[in-house]
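Read the structure below first, then the notes.
Ligands are counted one by one from 1 in listed order, and the atoms in each one are counted from 1 as well.
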Amino acid sequence: MSPLSRLEILSWLKETNEERLEELWSKADATRRAHVGDEVYFRGLIEFSNYCMRQCTYCGIRAGHAGVERYRMSDDEVLECAHQAVKFGYGTVVLQSGEDPGITTQRVTTLVKRIKAETGLAITLSVGERTVDELKEWRAAGADRYLLRFETSNPELFARIHPTHPGKNISRVEQLKVLRTLDFEVGSGIMIGIPGQTWDDLANDLLLFHELDLDMIGIGPFIPHPETPLGKDGKAYEAPPEQQVPSTEHMTYKAVALARLMCPNANLPSTTALATINLAEGRELGLQRGANIVMPNLTPVQYRALYEIYPAKACVSETSDQCAGCLRRRVESIGRTVGEGPGRSPNWDTRRRP
Ligand code: SAH
């Protein structure tokens, strides 16, 4: 049984009365505390390649954006970041990249094995749409988790923002199901306010989180990138005004809070995109309205600005050291503690129990 009905979800999504919304924030916060506690776990993000063969109309590193200087980190550079994660006390590293043909199956396997052997950290992969054989190989090599946002549960909208690639025929929702059968901790997520996303779409996204029984859910506002089709011409793709979801900070909190109610045991990051639209307190408010994870950036400073999926990304000019300190202070300022160890989703633990 779904914790909230579609009607209840829709009515919260459209709620504008701040007093009533206090009820949503406090329910989400209480559910977070009861299911995943007061610890906030840190996942060190390593953006190890910005090459991409895809043409996602929202994303600044899409193949069609010729103006981006492309980089691919060496294995040693990635390992150096993983060692920094250990130094900062993070329990997990996330390896993220564009869909880069230069990042072969074998390279990821080697990286995963080396990171495990040298650091013992939990490893999350976020390298796009991949074949079952690749996922199997990486799981066997020691990868623990995989992140692949389905972005929207509306297949027509998805097809519009994420054109197919010749020779590639992988459904994201199918891949999430495969990841589950391979015993990964499975993460997905969405952007809030994609031009063309309606209230019904967003309610369906939240229902799908529950149906997929996700272990991790990333939710951030859509931030237009001027060098992308959706950034240049977003208005042309919008749904009629009474149906279009706004890409606001406020909407993002509602979706985060509702995701917590729909998936009480999931790990939910207070995302960098949220921090980008409210640098002063986006992270904190996300953590107080359902989230329990932060993803400090570990990407070396010379590459950071080049992984520009959207503009003015929070923390682009900070060093890894600064991110570690800043996030720790933010977590402690709201009376929460920094979690130690891998910080698995209780969902995954329950699933493994005989
Ligand atoms: N190539 C990988 C990693 C993509 S970056 C993959 O596709 O899975 C991770 C996430 O950033 C994407 O899934 C998307 O939800 C988000 N993102 C990309 N462009 C964005 C934008 N303009 N605004 C907000 N979020 C964006």
### Query
Taking distance alone, with no angle check, do Glu151 and ligand 1 share an N/O pair under 3.5 Å?
yes

### Query
N/O to N/O below 3.5 Å, does that happen between Arg149 and ligand 1?
yes

## Note on the structure
Grouping ILVMFWY residues whenever side-chain heavy atoms fall under 4.5 Å, the cluster of Ile194 otherwise contains Tyr58, Leu157, Ile161, Met191, Phe222, Leu230, Tyr237

### Message
For a quick check under 3.5 Å, do Asn204 and Arg6 share a side-chain donor-acceptor pair by atom type?
### Response
yes

### Nearest heavy atoms of Thr276 and Ala312, plus distance in Å
CG2-O, 3.1 Å

### Query
Nearest heavy atom to atom 24 (C) of ligand 1: which of Gly60, Pro221, Gly220 does it belong to?
Pro221

### Message
Applying side chain to side chain donor-acceptor pair (under 3.5 Å) as the test, list every pair that has at least one member in residues 324-345; sequence neighbours left out.
### Response
Glu284-Arg330

## Note on the structure
Closest to atom 26 (C) of ligand 1 among protein heavy atoms sits Met191 SD, 3.4 Å

### Query
Should the ring pair Phe209 and Phe150 be called parallel, tilted or perpendicular, given that the plane angle runs from 0 to 90° and is split at 30 and 60?
tilted

#### Entry: N or O pair under 3.5 Å between Ser97 and ligand 1
yes

### Query
Is the Tyr71 ring parallel, tilted or perpendicular to the Tyr303 ring (thresholds 30°, 60°)?
parallel

#### Entry: Polar proximity ligand 1 side, Tyr58 side, N/O cut 3.5 Å exclusive
yes

### Query
What's the shortest distance from atom 8 (O) of ligand 1 to any protein heavy atom, and which residue and atom give it?
Leu148 CD1, 3.8 Å

### Query
Has ligand 1 got any nitrogen or oxygen that is less than 3.5 angstrom from a nitrogen or oxygen of Ile223?
yes

### Query
Polar-atom distance check: Gln96 versus ligand 1, any N or O pair below 3.5 Å?
no

#### Entry: Within 6.0 Å of CG in Asn169, more than 12 heavy atoms from elsewhere
no

### Task
Write out the residue and atom name of the closest protein heavy atom to atom 7 (O) of ligand 1, then the distance separating them to 0.1 Å.
Arg172 NH2, 3.1 Å

### Task
May I ask you to list the atoms of ligand 1 that are less than 4.0 angstrom from any heavy atom of Tyr310?
20 (C), 21 (C), 22 (N), 23 (N), 24 (C), 25 (N), 26 (C)

### Message
Can a side-chain donor-acceptor contact be found between Glu129 and His162 if the only test is distance below 3.5 angstrom?
### Response
yes

### Message
Checking a contact table here: which protein heavy atom is nearest atom 11 (O) of ligand 1, and how many Å away?
### Response
Ile309 CD1, 3.6 Å

